Amino acid sequence: MVEVVKIMSGGLSTELETAGLTLQGDPLWSARLLHTNPQAIKEVHRSFLRSGAEVLTTATYQATIKGFQQHAGLNVEDAEECLHIGVRLAKEAADEFNWKSLDKRNILIAGSIGPYGAFLSNGSEYSGYYVKEMSTEDLKDWHRVQMQCLASAGIDFFALETIPSKKEAEALLEVLREFPNTKAWLSYSCQSTTSTSYGDPFEEAVKLAHKSHQIVAVGANCCSPFLISPLLTCANKNRKQENGWIVYPNSGEKWDQESGWHTCNNAEMFCVHAEEWVNLGATWIGGCCRTSPSAIANLRKILRPFSGNIK
């Protein structure tokens, strides 16, 4: 029997750029707007809710205390407040949606924790090379402060996302134990049909989720939609039944470092594969880079038979 599927939001930064905000090249990326233009973030959350999302992810993927200190000139207290603002914006958007809409939903708030490579702002979340120079304790110390901020702000889940290596995932799960009342999902960045971006076998990396009762789902994000089905297929024998798959790939467009995004014939092709992902065990499905509210609306239509909240 197919489990009920949760519809996630899409590419927050994509929508911010569509609204005319410049993010490319900023080492804080969309997280800068937590300090300079929080209402723009809130409006994007609203747009994804109007399109059918049941899970909002905070705009904190690239938000770190050290990053705000270095690139925004904030002190520690103000930097911590920026992470709190990220959670507050998502909560307010959810509350306002349910207050105004006849389509009442149990909207979940996931606090985004990106990899250390996101702070480096050099694309290394898609290689993970930095873990060669960092110990597990180094990685734990780095992530702990951001996780503490998000947990204290009252998230429903941690979104441990775009993680390129098993080593960093292990460090995150060790820190997660310090927050025993908070669940999480674990999502890897992948560049092939069989491995994480760092090169760890995907079927081995997902086994980590079995070691934590706090993990509600494990999977992949910020990758080509064409990688998802092969990844799930190769790893299905290692997934425990209580851990559903979570998948939220990019739209299908390709990124070129010099010229930017290359549009494909169907920029929202990831929707086409959604039912197949459900049949492979995915219970959390959404979009990452370049996925718009219209893409989430299409996803909602496709997944209508599998979601308890879709009417």
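All values derive from a computational prediction rather than experimental measurement. Side chains are part of it too, since the values below use all heavy atoms of this structure and drop only hydrogens, waters and symmetry mates.
- Nearest heavy atom pair, residue Lys104 against residue Lys100, reads NZ-N, 4.5 Å.
- One N or O on the side chain of Thr196 and one on the backbone of Pro164 form a donor-acceptor pair closer than 3.5 Å.
- Checked by atom type, the side-chain pair Glu125/Thr162 shows no donor-acceptor distance below 3.5 Å.
- A donor-acceptor pair under 3.5 Å links the side-chain atoms of Thr14 to the main chain of Arg290, judged by distance alone.
- By the rule that hydrophobic residues join a cluster once side-chain heavy atoms approach within less than 4.5 Å of another member, Tyr126 and Phe226 end up as members of separate clusters.
- Within the 4.5 Å cutoff, side-chain heavy atoms of Ile246 are placed close to those of Tyr248.
- At least one donor-acceptor pair under 3.5 Å links the side chain of Asp138 to the backbone N or O of Ser135.
- For the atom pair NE2 of His143 and CD of Glu168, the computed distance is 3.5 Å after rounding to the nearest 0.5 Å.
- Side-chain atoms of Glu54 do not come within 3.5 Å of backbone N or O of Leu108 as any donor-acceptor pair.
- A distance of 12.5 Å separates CZ of Arg46 from CD1 of Ile41, quoted to the nearest 0.5 Å.
- Partners of Phe97 by ring-ring contact (aromatic ring centres under 6.0 Å, His included), not counting sequence neighbours: none found.
- Every residue two or more places apart in sequence or in another chain was checked for a salt bridge (Lys or Arg N to Asp or Glu O under 4.0 Å) with Lys91, and none qualifies.
- Contact check for Thr60 versus Leu150: side-chain heavy atoms found under the 4.5 Å cut-off.
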**Request:** Before giving the answer on side chain to side chain contact (heavy atoms under 4.5 Å, CB included), spell out for Leu160 and Leu173 the whole-Å C-alpha distance, their side-chain angles and the decisive distance to 0.1 Å.
**Result:** CA-CA 9 Å; Leu160 311 176; Leu173 293 187; 4.2 Å; yes

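- Side chains of Glu81 and His35: no donor on one and acceptor on the other come within 3.5 Å.
- If you take CD on Glu161 and CD1 on Ile163, they are separated by 8.0 Å, rounding to the nearest 0.5 Å.
- Side chains of Glu204 and Asp200 form no contact here, defined as non-hydrogen atoms less than 4.5 Å apart.
- Contact of the Val247 side chain with the Leu231 side chain is not registered, since no non-hydrogen atoms from C-beta on lie closer than 4.5 Å.
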**Request:** Start with the C-alpha distance between Leu33 and Leu23, add both sets of side-chain angles, then the distance that settles side chain to side chain contact (heavy atoms under 4.5 Å, CB included), and finish with yes or no.
**Result:** CA-CA 9 Å; Leu33 300 182; Leu23 304 179; 4.2 Å; yes

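- No donor-acceptor contact under 3.5 angstrom links the side chains of Trp29 and Ser121, judged on distance only.
- Residues Trp277 and Pro225 share a closest heavy-atom pair of CZ2-O, 3.6 Å.
- To the nearest 0.5 Å, atoms CG (Leu232) and CG (Leu227) are separated by 10.5 Å.
- For the pair Ser195 (side chain) and Ser192 (backbone), a donor-acceptor distance under 3.5 Å is absent.
- Here the straight-line distance linking atom CD of Glu203 with atom OG1 of Thr233 works out to 11.5 Å at 0.5 Å rounding.
- Counting only distance, with no hydrogens or angles, the side chain of Ser9 and the backbone of Phe48 share no donor-acceptor pair below 3.5 Å.
- Shown here for Leu74 and Cys82, the closest heavy-atom pair between the two residues is CD1-SG, 3.7 Å.
- The nearest pair of heavy atoms linking Tyr188 to Ala169 is OH-CB, 3.4 Å.
- Sequence neighbours left out, the pairs with a member in residues 145-160 that pass side chain to side chain donor-acceptor pair (under 3.5 Å) are His84-Ser152.
- Taking the side chain as every heavy atom from C-beta outward, Ile285 and Met8 never approach each other to under 4.5 Å.
- Other members of the hydrophobic cluster containing Tyr130, listed by chain and number, are Tyr116, Phe119, Leu120, Tyr129, Val131, Met134, Leu139, Trp142, Tyr198; membership follows side-chain contacts under 4.5 Å among ILVMFWY residues, whether direct or relayed.
- Among pairs with a residue in residues 62-72, none fulfils side chain to side chain donor-acceptor pair (under 3.5 Å), at least two apart in sequence or across chains.
- No side-chain heavy atom of Phe68 sits less than 4.5 Å from a side-chain heavy atom of Val76.
- By the 4.5 Å heavy-atom criterion applied to side chains, Asn98 and Ile107 are counted as neighbours.
- A donor-acceptor pair under 3.5 Å links the side-chain atoms of Ser197 to the main chain of Ser189, judged by distance alone.
- Checking side-chain atoms of Asn250 against main-chain N and O of Ser224 turns up no donor-acceptor pair under 3.5 Å.
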**Request:** Start with the C-alpha distance between Thr182 and Ile155, add both sets of side-chain angles, then the distance that settles side chain to side chain contact (heavy atoms under 4.5 Å, CB included), and finish with yes or no.
**Result:** CA-CA 8 Å; Thr182 308; Ile155 55 172; 4.2 Å; yes

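- When all heavy atoms of Leu56 and Ala90 are compared, the pair lying nearest together is CD1-O, 3.6 Å.
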**Request:** Report the C-alpha distance between Leu83 and Leu34 in whole Å, list the side-chain angles of each, state the deciding distance to 0.1 Å, and finish with yes or no for side chain to side chain contact (heavy atoms under 4.5 Å, CB included).
**Result:** CA-CA 8 Å; Leu83 279 98; Leu34 295 169; 5.8 Å; no

**Message:** Please evaluate residues Arg144 and Glu174 with respect to the criterion salt bridge (charged side-chain N to carboxylate O under 4.0 Å, His left out), reporting the C-alpha separation (whole Å), side-chain torsions for both, the decisive distance (0.1 Å), and the verdict.
**Reply:** CA-CA 10 Å; Arg144 182 179 289 109; Glu174 287 186 26; over 6 Å; no

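- Proximity of a side-chain donor or acceptor of Arg105 to a complementary backbone N or O of Leu49 within less than 3.5 Å is detected.
- Side-chain atoms of Lys166 and Leu208, non-hydrogen and from C-beta on, do get closer than 4.5 Å to each other.
- In this structure a side-chain-to-backbone donor-acceptor pair under 3.5 Å is missing from Glu15 to Val44.
- No salt bridge links Glu170 with Lys167; every basic N to acidic carboxylate O contact stays at or beyond 4.0 Å.
- Atom-to-atom distance recorded for Arg32:CZ and Leu16:CG is 13.5 Å, nearest 0.5 angstrom.
- Within the structure, every pair that satisfies the ring pair (Phe, Tyr, Trp, His ring centres under 6.0 Å) test and touches residues 284-304, not counting sequence neighbours, is listed here: Phe157-Trp284, Trp185-Trp284.
- Ser13 and Ser30 share no side-chain donor-acceptor pair at under 3.5 Å.
- Closest heavy-atom contact between Gly286 and Leu299: CA-CD2, 3.9 Å.
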